[in-house]
Number of protein chains: 2
Amino acid sequence: MAAPEGMFVLEGRPTAQLIADQLRELIVQGAFSPGQQVNESALASQLSTSRGPLREALQRLCQEGILVSKRNRGVFVLELSADDVKEIYAVREAVELAAATTLLDSDAEEVADTCRELKGIIRSMAKQVAASDWQAIARLDMQFHTSFVSGTGNTRLIRIYETLAAESRMCILSLEVAYPRIDALVQEHQMILDLLETRDRMGLQGAIKRHMQKAVEDLTSKPEVTGISV
Amino acid sequence: MAAPEGMFVLEGRPTAQLIADQLRELIVQGAFSPGQQVNESALASQLSTSRGPLREALQRLCQEGILVSKRNRGVFVLELSADDVKEIYAVREAVELAAATTLLDSDAEEVADTCRELKGIIRSMAKQVAASDWQAIARLDMQFHTSFVSGTGNTRLIRIYETLAAESRMCILSLEVAYPRIDALVQEHQMILDLLETRDRMGLQGAIKRHMQKAVEDLTSKPEVTGISV
DNA sequence: GAACTGTAGATTGTCAACAATACGCGATCA
DNA sequence: TGATCGCGTATTGTTGACAATCTACAGTTC
């Protein structure tokens, strides 16, 4: 029997992963300060679960890198240094360049699907820029790039990028309202989209490299990269 | 007080990670068949630990991708398809290309350190080829590439690559004694080393791409990619 | 004989109590 | 006055037991 429309297995994924997703969203939104300790018992109560599942979720986020664990001490929210920012964006560049290559080697219609998605995200982004909703802008920024990588269909590449996206949002969080050159942001993404549509391989690669390089400059120019300043 | 030489914090890393490392080594060595279910209680007893830490270790390996978890069913050893092989090597290519770029942009002495390390690995590899120890060859093969990426010093890139290395060893495992063109293997690694030493950027990139492409061909040419045939 | 239903077994998911460890504060001693 | 030692507290690490869920097999009905 085929699964009826609108009906799907309830919570097919492991519980720990659900908790982890929830926590990740909280962290990248800045609900915890960098370096802050995450108390197991307290969080378990708040999320109305037990320490077991929560521990597994925390450990998951440790592996992703947005939490760090110290034995017999507990887990702490990652503090980002300038070196971390450079690392993250270096890996992002590698992944996106690979994604670009894969995309341009694939069928035109698949690329078209991705472009359609990206176009919608840019539209939303422009809207949020007008509203100056920085939290939303950061989310859409990463959503753009995640969709770009998702276009490859390479599940491993996508999974890697999701982690990078979370870390990037933590980076951007430290910039806060000081998202520099806000109009350039939409413009740069639009350019990447255009180059993808016109299948300009060299141009696309160059645009991605520049996009990453500028991001690192913006993020590391600030004296304190790691503080939250809500 | 500075830590005395030769003395370091005992088991500074979380227990689950130690168990995970142990299990990963067992899996990539083929101690479990692909698709086989991993029983929590049984394994916990064997490793003389409790189910709690073991669960965390299993979950860790799930996140890495060499185990897959089905809710209320348990965890199973990953079964590799031809598509998986393509994915893995596509990501490896992306990571190694990025590593090559970073390495060639860095100081000459750092590159020299890496080259020294790689040279030693190739020497060991040649020795094991003579002895036809396939398990050791596979380990050295991945050790070579892992060292290559480690040369960049990018901890995130390194962590990503360690996962890929584990998956690659699982791929190679299915090839078993049929490591094709065994002399070419040493030769190809030697060439990568030479191109790194002479800082031939284009040549190195090309060599890496060819190396990966050939590996995929070797691995997918076999009718059954997923079976173990000890 | 085929399909469905109910039960049995096994395995995972969750929980709460216990043990071990590290940090912070106060007392002690040089 | 300064450093060191010891204790108390808080937090994590671990364990075993209990509950929930799924698969497989047997029994029943059409």
Side-chain angles (χ1 to χ4, degrees), chain A residues 1-4 7-23 27 32-79, chain B residues 1-4 7-23 27 32-79:
Chain A
M1 195 209 304
M7 194 172 183
F8 44 89
V9 182
L10 199 60
E11 312 291 10
R13 303 174 351 177
T15 308
Q17 192 169 328
L18 299 175
I19 301 176
D21 291 340
Q22 212 171 334
L23 270 178
I27 292 171
F32 301 87
S33 333
Q36 179 186 341
Q37 179 163 11
V38 178
N39 189 307
E40 288 184 2
S41 315
L43 250 183
S45 317
Q46 282 182 33
L47 300 175
S48 61
T49 181
S50 184
R51 272 184 59 210
L54 187 108
R55 266 180 72 84
E56 293 182 13
L58 289 182
Q59 205 210 25
R60 211 178 184 90
L61 297 179
C62 285
Q63 200 175 352
E64 289 184 12
I66 67 178
L67 293 179
V68 290
S69 166
K70 296 176 184 170
R71 184 174 173 103
N72 291 323
R73 293 284 311 283
V75 299
F76 302 80
V77 179
L78 176 66
E79 288 186 88
Chain B
M1 195 209 302
M7 196 174 182
F8 43 90
V9 183
L10 199 59
E11 312 290 11
R13 299 170 357 171
T15 309
Q17 191 169 329
L18 298 174
I19 302 177
D21 291 341
Q22 212 171 333
L23 270 178
I27 292 170
F32 301 87
S33 336
Q36 179 185 339
Q37 179 166 11
V38 178
N39 188 307
E40 290 184 1
S41 314
L43 250 184
S45 317
Q46 283 182 32
L47 300 176
S48 61
T49 180
S50 185
R51 270 184 60 209
L54 187 106
R55 265 180 73 83
E56 293 181 14
L58 289 181
Q59 204 210 26
R60 194 165 265 254
L61 297 178
C62 285
Q63 200 174 354
E64 287 184 14
I66 67 178
L67 293 178
V68 289
S69 166
K70 296 175 184 168
R71 185 177 171 100
N72 291 323
R73 293 284 311 283
V75 298
F76 303 81
V77 179
L78 177 67
E79 287 187 88

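Chain identifiers are assigned alphabetically (A, B, ...) following the order of the sequence lines, protein sequences preceding nucleic acid strands; residue numbering begins at 1 within each chain.
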- Is the shortest heavy-atom distance from the side chain of B:Thr15 to the side chain of A:Arg71 under 4.5 Å? yes
- Item | Min side-chain heavy-atom separation B:Val38-B:Leu23 under 4.5 Å | no
- Message: When you measure from the side-chain N and O atoms of A:Asn72 to the phosphate of C:dA20, is any distance below 4.0 Å, counting only OP1 and OP2?
- Response: no
- Separation of A:Gln36 atom CD from D:dT11 atom P, in whole Å? 13 Å
- Message: Output the rounded distance in Å from CD (A:Glu40) to C1' (C:dA16).
- Response: 14 Å
- Query: Between A:Leu58 and A:Arg55, is any pair of side-chain heavy atoms under 4.5 Å apart?
  - Reply: no
- In whole angstroms, the gap separating P of C:dT11 from CG of B:Leu58 amounts to 15 Å
- Separation of B:Glu56 atom CD from D:dT15 atom P, in whole Å? 11 Å
- Are side-chain heavy atoms of A:Arg73 and A:Gln37 found at a separation under 4.5 Å? no
- Query: Do A:Val77 and A:Leu67 touch side chain to side chain, with heavy atoms closer than 4.5 Å?
  - Reply: yes
- Message: If you compare every side-chain N and O of A:Thr15 against the phosphate oxygens of C:dT14 (OP1, OP2), does one of them come in below 4.0 Å?
- Response: yes
- Would you please confirm or rule out a distance under 4.0 Å between OP1 or OP2 of D:dT23 and any side-chain N or O of B:Arg73? yes
- Message: Rounded to whole Å, please give me the gap between CG in A:Leu43 and C1' in D:dT11.
- Response: 14 Å
- Closest to the B:Ser50 side chain: C:dG13, D:dT15, C:dA17? D:dT15
- Item | N or O in side chain of B:Gln37 less than 4.0 angstrom from C:dT12 OP1/OP2 | yes
- Provide, to the nearest angstrom, the distance between the CG atom belonging to B:Leu54 and the C1' atom belonging to C:dG13. 14 Å
- Please state how far atom CZ in A:Arg51 lies from atom P in D:dA10, giving the value in whole angstrom units. 15 Å
- Item | Short side-chain N/O contact from B:Thr49 to OP1 or OP2 of D:dT14, under 4.0 Å | no
- Does B:Arg55 have a side-chain nitrogen or oxygen under 4.0 Å from the phosphate oxygens OP1 or OP2 of C:dG13? yes
- Describe the nucleic acid contact of A:Gly74 in one word from base, sugar-phosphate, nothing, applying a heavy-atom distance below 4.0 Å. sugar-phosphate
- Task: Could you check how far CZ of B:Arg71 sits from C1' of C:dT14, rounded to whole Å?
- Result: 10 Å
